[in-house]
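Sequence lines set the chain letters: A, B, ... in the order given, protein chains first and strands last, and positions in each chain run from 1.
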Amino acid sequence: MRGNGSRLRLKAIQIALLAGAFLAWHVLTSPTLLPPIYFGDADKAAFFFGEPLKVFSRLLDWFVSGEIYRHLWVTLIETLLAFAIGTLGGVGFGLWLARAPLAAAVLDPYIKAANAMPRVILAPIFMVWFGLGMASKVALGVTLVFFIVFFNVFQGVREVSPVILANARMLGASPRALLRHVFLPSAMSWVFASLHNSIGLAFVGAVVGEYLGSAEGVGYLIHQAEGVFDINTVFAGILLLTAFALVLDWAVTILEVRFMLWQPRAGETEKL
Amino acid sequence: MRGNGSRLRLKAIQIALLAGAFLAWHVLTSPTLLPPIYFGDADKAAFFFGEPLKVFSRLLDWFVSGEIYRHLWVTLIETLLAFAIGTLGGVGFGLWLARAPLAAAVLDPYIKAANAMPRVILAPIFMVWFGLGMASKVALGVTLVFFIVFFNVFQGVREVSPVILANARMLGASPRALLRHVFLPSAMSWVFASLHNSIGLAFVGAVVGEYLGSAEGVGYLIHQAEGVFDINTVFAGILLLTAFALVLDWAVTILEVRFMLWQPRAGETEKL
Amino acid sequence: GKIEKPQVHIAVGGKAAFYYLPLTIAEQLGYFRDEGLEVKISDFAGGSAALRSVVGGSADVVSGAYEHTINLQSKKQIFQAFVEMGRAPQIAVGVSTAKAASFKSFSDLKGMKIGVSAPGSSTNMLVNLIGAKGGLKSTDFSIIGVGTGAGVVAAMKSGQIDAVSNVDPVMTMLERDGAVKIIADTRTLKVTQEVFGGPMPAAVLYAPIEFVKKNPKTVQALTNAIVRADRWLQTASTNDILKTVPEAYLLGDKDLYLLSYGKVKEAISTDGYIADEGTTTALKALSTFNPKIIPSEIKLELTYTNEFVKKAHQKYK
Amino acid sequence: MKAVLERGGAAALALEGITCSFAGAAGEPGYTAVREATLVVEDGEFVSIVGPTGCGKSTLLNVAAGLLAPSAGSVHVFGQPLAGLNRHAGYLFQADALMPWKCALENVVAGLVFRGAAREQALETGRAWLRRVGLEGFGDRFGHQLSGGMRKRVALAQTLALDPAILLMDEPFSALDVQTRVLMENELLDLWSADRKSVVFVTHDLEEAISLSDRVVVLSAGPETHPIGEYAIDLPRPRDVSEIRLLPRFIELHGRIWRAMKSEVLKGYARQRQ
Amino acid sequence: MKAVLERGGAAALALEGITCSFAGAAGEPGYTAVREATLVVEDGEFVSIVGPTGCGKSTLLNVAAGLLAPSAGSVHVFGQPLAGLNRHAGYLFQADALMPWKCALENVVAGLVFRGAAREQALETGRAWLRRVGLEGFGDRFGHQLSGGMRKRVALAQTLALDPAILLMDEPFSALDVQTRVLMENELLDLWSADRKSVVFVTHDLEEAISLSDRVVVLSAGPETHPIGEYAIDLPRPRDVSEIRLLPRFIELHGRIWRAMKSEVLKGYARQRQ
Ligand SMILES: Nc1ncnc2c1ncn2[C@@H]1O[C@H](COP(=O)(O)OP(=O)(O)OP(=O)(O)O)[C@@H](O)[C@H]1O
Ligand SMILES: Nc1ncnc2c1ncn2[C@@H]1O[C@H](COP(=O)(O)OP(=O)(O)OP(=O)(O)O)[C@@H](O)[C@H]1O
Ligand SMILES: [Mg+2]
Ligand SMILES: [Mg+2]
């Protein structure tokens, strides 16, 4: 178990790093603080990267005026739905195909092809199918999340130890019981690896969907701001989403710890 | 081993499925063949989904006139570079972090955050950094591929059997030897699962990058066609890319079979 | 009588742009509400994406460029424009200051890398047209899609493109920073006339012809609101405008906004009428640019109607 | 589970003319582990299989369990040809086969749960079985928290808890100390004599084989393994495994089988060292 | 590898006052597997450890290997306190520890390769070792293509090929048939007597323990295991393991240790059944 001291130290390093990053951001984009480095003049840096102080005041404004809640709510719901649907679909489909070799062989090229399609280009078609509301953004997010989870679950199921599988079958496990008691638990760490990855992409799906066409959501705000070169608002939106992505990830990590209790951890003796 | 007969059958099913899909596409988008189903009128279906015959004649044109080669070449190079760089980066970074718990703990939120950033929105910044040429498309593709590979390698390394790891350490393996002889081979199936996923995304990265700003490449052609509502060309481009994605995937599968020879396969007795 | 469809969903590609200023004004001043409409405006990444959402049926009315109705007709989609918001395309073409010295005529575009908002869009079309005036074919220069946002500035200032054809506020920004020299400016009526050979209707509201036929009262209400906005803009002071548009639109840079507004003011429609002559100009321009559009096959009379505007003027004298 | 109906005089398990060839790498010849092996286990019979390491004992058990399709030969279970898994058999694997994500108790009851037993009752049975294998109080441990011998006993409880008609056991007691082993052997004999299961018992311990079985089958060294000797064990039942080893008849049988095996092993080594 | 310099009279391995407590689940008390155990192995000594299953033998070996940090107590190797891995030791694990992605031969040479041996030479040594454990011709098989006993022998070759100064062996021969086992035991004795390694040998086979060792340590039943008896084996060397079992002194020692263990196991069971 990690001591309290080292956890504190960890947090300290992280916060120092964060502060350092913001400081660098501030210095590099402030026209007066430093001779310009990357760009010919620092105004240009501020034009592309915004200025952290303005970004924060934007964030503050949003929350103080309450303007952001509606947009944030929409984006979060879209993300959560995309995440949930994509994950369930990916797990279900992955479990099914991994256990149905013929179907897997037949569908294999189609899945690969679907995964290789540039979804952004298909966004208009999604809008036709799912309308301009949340559904089309959710759909875009689902296409991102689904494949990641799917590929991992598919492989995870195939990696099940053959002896454990044979044993469970000899013990009389039905295909359903095998799924529930063998394949799923065994593929769990694969699932979690893909979840960490796909949380981020669920957000990306929602935001890009809004960016491509919508009337509300954080992606809409970002799009509006880009149209008038208000890069600070763009970054404020991105920071906000990132913060929520981290919160969601943390929830997944809690689940993961809970489900992965059985795994051996290093150094299990207690110090006396 | 799968017999020749069942392999033929598999191919037959796949081709039938493909033919069926194209037939459905044809029938549903042809104004004269059927009473319109989904849309009020079939012209509208053709407007959104194109018409397969025209799509094919477009493809034929491209190859006959030779116009496509330049664009295809650019896109393929971008994709391959994004795939290669993203994969190497993901594997390298994943291996490193999985073996460096402090660094992993510190960087964890930053990696999650970077993964959650909507890259499409950052495209202008990529343009500033990498210009309008191939580099910015490669960069976009790398950001997609990298995270997928990274998360899987990271998890794959942590899943190494503790007994095998302890044994290798007792046998005197240096950290480098552990990487090469234990962690990498053990994480191999994780890597391959992520590769199948990321091939598609490397293409997506390249195409979307071209779509956002470029002077050549298949994404450029698609973008141009969209501007004049030439949906058939759009689909021709997508089909072309998909075909190449499948070729690349097949190459990865060959590698996979080669590297995973050691894994037990089911039913290994020979029939006499 | 009662409005058939009080809830109208308008799709627009880049709502914050000056191109669609009357729409924003009508929304902000409550003109739609005054007409008994409940309007929802969805913003899209680009004009073609916006119109596709209407073709697909997820929105009702497009706020977009008039020439799209012609484009759409060539794809067997009959759309009709019913009120005008802009009477010039508001696109400007500029060459980088580095090349400006040696730039004498349009024929000097030869061999240049020219940034447009998207290949195949109106910005691209304008480049082709002025290139043709200089005796160039579309293959004599290379077209690069750079969008309408910060990417344009990035591409221009880092020297990746030699010339740019784009809309405001990008063009004004580049101009102000001294990064480009304007060589063609369709934000003015005069240059528009010269380049296109006639007036060129730009931003309009258009909808599927069945929608117009089925919902005349709704269309009338929309037209009324836009005509009022057009007229309001003719008399409004800059201060009025600053107060009316959403604050977010200005946040980037207020001075820039006003500077830019000064440039495009002339291009805003005064009365909402779509000039008959303008529609032929548009068709001619399109067909030289896109060989798939055959003028004889396009029924121009289906692409627009001024009836609603006429009635609007009767209502708001 | 118990196939009472089919038990009409037919042998519980009949492997006839079994040949198992494993495919070699591309281009290389395969490896014939077992050739033309025949093994018949009567209903209620306790048969032990001994043979040099790597000769094909586990392979034969896999065939009997229906996990490995033989290259040639037929398998009958209670007179029925075996297709797919052998549903009458419980199989105690040689390798570690516990589910690492279940604790010991849940592993023991897994089979019961799979077969639809009520959870509470299954847990009750499971706890009783843990007690019988001497692991009371370890029910909530995961696999990696148990010692090698403990894991083996959990697996034993897991298999026995299902009370299968045919028991296939692959070196079940080799990881146990002598005393625990005797306790387990006696448990097994009790269980077996209670309702006369048919048991196929693979072991390297000849004393164990003799003291438990009705018959001991000796396999030849691989490759192309086949039975080279069968020894009926005519020692009186019921037996106490720790006492039976002192009987003169035991010692005599032991000597005979030992010699047969010894020459077989040395033959195998000679063949390899050529 | 061989720590010639440090061998200045200090014990090869000295575990003193070792206590190993495993953390329990949140809120539950931990499990103290080993309490205050002391085990000293002199340089060149062959020590066997016997004890009831689950008592803590593997735990002690893990501590000696430096893989498990004890909760309390000190470990010295050739007089030096142990920090991290024990670089002087070779460890033959109880569980299957072969790398499944390497074939048998590559597994055997893995240690040599890790220590920087030239590839060709390492392969030569590896092949020789495969021959010594009776697996010539199986070098290109992957783990799942080998039988349980074969895998164990590959692991044996892997460990012995490194020629470590201290050998930790956890039930190395329990998966082998009696004959092969005798061959392996003699191989081990040959190797040991050639350059007097220090060996810690865990086994459940008391005869094996007595016939191989200089000293047999009996552990108490868990939890809180500790040594409860040490028996010096004063049988003459060199020994042939198959013949030594007939000596009267052997039988006497066997009887004594047996009784000690039996009462210990029964005590353990009694404690559990309470
Ligand atoms: N999948 C496989 N591919 C190739 N050879 C195999 C495979 N499985 C087993 N064998 C070979 O078949 C032979 C018999 O193996 P098996 O596991 O049946 O031996 P065993 O009698 O159980 O040995 P042990 O007593 O060591 O467990 C061995 O030589 C082994 O190498
Ligand atoms: N990680 C762990 N967490 C909790 N308990 C553990 C852990 N590892 C081992 N134990 C416990 O420690 C005790 C000793 O285990 P160990 O593996 O050392 O036994 P052993 O003497 O090697 O037994 P065997 O002869 O069966 O291999 C056992 O009761 C076991 O349950
Ligand atoms: Mg075996
Ligand atoms: Mg042990």
Side-chain angles (χ1 to χ4, degrees), chain B residues 1 91 94-95 98-102 152-153 155-195 254-271, chain E residues 1 58 61-68 84-104 106-117 122 126 140-146 151 154-170:
Chain B
M1 286 208 170
V91 171
L95 286 177
R99 302 301 301 138
L102 180 67
N152 265 24
V153 170
Q155 190 64 28
V157 168
R158 298 170 145 212
E159 293 284 308
V160 170
S161 148
V163 183
I164 292 177
L165 177 58
N167 189 28
R169 288 177 64 208
M170 286 306 295
L171 291 173
S174 63
R176 264 201 53 194
L178 279 185
L179 271 193
R180 168 151 161 38
H181 293 275
V182 180
F183 292 115
L184 251 186
S186 167
M188 227 32 180
S189 51
W190 290 79
V191 173
F192 278 111
S194 70
L195 290 192
I254 287 185
L255 265 190
E256 182 173 11
V257 169
R258 162 93 193 59
F259 271 105
M260 297 311 232
L261 263 186
W262 56 268
Q263 284 200 323
R265 280 162 297 154
E268 288 182 297
T269 48
E270 279 170 337
K271 282 278 166 241
Chain E
M1 174 62 214
S58 304
L61 286 199
N62 283 337
V63 169
L67 289 168
L68 186 73
L85 239 50
N86 184 344
R87 298 248 149 245
H88 299 280
Y91 188 175
L92 185 61
F93 288 80
Q94 182 178 17
D96 199 353
L98 296 182
M99 289 170 263
W101 46 84
K102 286 183 189 280
C103 64
E106 279 178 349
N107 262 298
V108 173
V109 303
L112 298 168
V113 170
F114 291 161
R115 285 161 200 252
D140 57 352
R141 301 280 191 95
F142 289 111
H144 72 276
Q145 297 173 320
L146 295 171
R151 277 199 295 275
V154 173
L156 184 69
Q158 188 181 53
T159 308
L160 295 184
L162 283 180
D163 197 18
I166 303 175
L167 258 176
L168 309 171
M169 307 179 87
D170 203 345

Problem set entry | 4.5 Å side-chain heavy-atom contact, Glu106(E) and Trp101(E) | no
Exercise. Would you say the side-chain atoms of Gln158(E) pair up with the backbone N or O of Asn107(E), donor to acceptor, closer than 3.5 Å?
Worked result: yes
Exercise. What part of Asp96(E) is in contact with chain B, defined as an atom under 4.5 angstrom from a non-hydrogen atom: side chain, backbone, both or neither?
Worked result: backbone
Seminar exercise, completed: Bottom line for Leu98(E): the part with an atom under 4.5 Å from chain B's heavy atoms is backbone
For this session: Counting only heavy atoms closer than 4.5 Å, note whether Phe142(E) contacts chain B via side chain, backbone, both or neither.
Result: side chain
Problem set entry | Side chain / backbone / both / neither for Ser186(B) at chain E, heavy atoms under 4.5 Å | both
Seminar exercise, completed: When rounded to the nearest 0.5 Å, the distance separating CH2 of Trp262(B) from NZ of Lys102(E) is 12.0 Å
For this session: Taking the side chain as every heavy atom from C-beta outward, state whether Tyr91(E) and Leu67(E) have any atom pair closer than 4.5 Å.
Result: yes
